[in-house]
Amino acid sequence: MRILVDLNRCQSYGQCCFASPHVFRFHNGEALEYDPAPDDALREQVVRAARACPVQAIYIGLDDAYEALPEGEHHDQQHQ
Ligand code: SF4
């Protein structure tokens with residue numbers, strides 16, 4: 001799967017790191033680092049990380065992650 005973090009939008013809250021520590025981490029305690037192509041096995045926690053982000057800075061590739069969301073969740077995502 002593919003993800004993108006808008007680092008201009010990111011306020012370094014660190015919620016994503018708690019939700020998905022394999023994919024998101026802070027470098028030197030400051031800059032957010034992330035894996036732009038995490039393994040599909042991590043999809044669930046990456047989706048959780050995206051939802052946990054207070055500023056919605058995490059974008060998940062349309063190719064697969066959106067398909068995985070149950071009907072109705074798409075709607076929620078757009079209006080958060
Ligand atoms: S949760 Fe959002 S704002 Fe916080 S560090 Fe992650 S991407 Fe940045």
Side-chain angles (χ1 to χ4, degrees):
M1 66 186 292
R2 292 265 166 190
I3 62 169
L4 179 75
V5 178
D6 183 345
L7 294 174
N8 292 320
R9 197 182 252 246
C10 172
Q11 300 293 319
S12 303
Y13 288 114
Q15 308 285 32
C16 54
C17 306
F18 288 113
S20 186
H22 294 294
V23 179
F24 304 94
R25 72 193 79 82
F26 280 105
H27 184 63
N28 291 335
E30 287 181 17
L32 181 71
E33 279 188 342
Y34 66 100
D35 180 355
D39 194 281
D40 260 6
L42 297 171
R43 178 186 301 176
E44 201 175 306
Q45 54 173 266
V46 170
V47 169
R48 215 178 301 138
R51 286 189 180 145
C53 178
V55 293
Q56 282 89 53
I58 302 169
Y59 300 94
I60 297 174
L62 296 176
D63 49 318
D64 49 14
Y66 267 45
E67 307 287 331
L69 293 174
E71 208 40 57
E73 303 263 317
H74 299 223
H75 198 69
D76 292 347
Q77 287 267 324
Q78 286 170 2
H79 290 274
Q80 267 177 15

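Remember, it's 1-based here, ligands and their atoms both numbered in the order they're listed.
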inquiry  = In this structure, would Y13 and L7 fall into the same cluster of hydrophobic residues linked by side-chain contacts under 4.5 Å?
reply    = no

inquiry  = What protein heavy atom lies closest to atom 5 (S) of ligand 1? Include the residue and the distance to one decimal.
reply    = G14 N, 3.2 Å

task = Examine I3 and Y59 and state if one hydrophobic cluster contains both, with Ile, Leu, Val, Met, Phe, Trp and Tyr joined whenever side-chain heavy atoms are less than 4.5 Å apart.
result = yes

task = Provide, to 0.1 Å, the distance between atom 3 (S) of ligand 1 and the closest protein heavy atom, together with that atom's residue and name.
result = Q11 N, 3.3 Å

query = Atoms of ligand 1 less than 4.0 Å from V55 heavy atoms?
reply = 3 (S)

key: N, O or S atom of C16 closer to atom 6 (Fe) of ligand 1 than 2.8 Å   = yes

request  = Side-chain contact test, heavy atoms from C-beta onward, threshold under 4.5 Å: evaluate it for I58 versus Y34 and give yes or no.
outcome  = no

task = Give the numbers and elements of all ligand 1 atoms closer than 4.0 Å to a heavy atom of Y13.
result = 3 (S), 4 (Fe), 5 (S)

ask   = Within less than 4.0 angstrom of ligand 1, does F26 place any heavy atom?
value = yes

ask   = Can you tell me the protein heavy atom closest to atom 8 (Fe) of ligand 1 and the distance?
value = C10 SG, 2.3 Å

More than 12 heavy atoms of other groups within 6.0 Å of Q11 CD = yes

task = Determine the sole option in L42, V46, V23 for which the side-chain contact (heavy atoms from CB on, under 4.5 Å) test with D35 is passed.
result = V23

query = Are any of the side-chain heavy atoms of P54 and Q15 separated by less than 4.5 Å?
reply = yes

request  = Just need the protein heavy atom nearest to atom 2 (Fe) of ligand 1, so name the residue and atom and give the distance.
outcome  = C53 SG, 2.2 Å

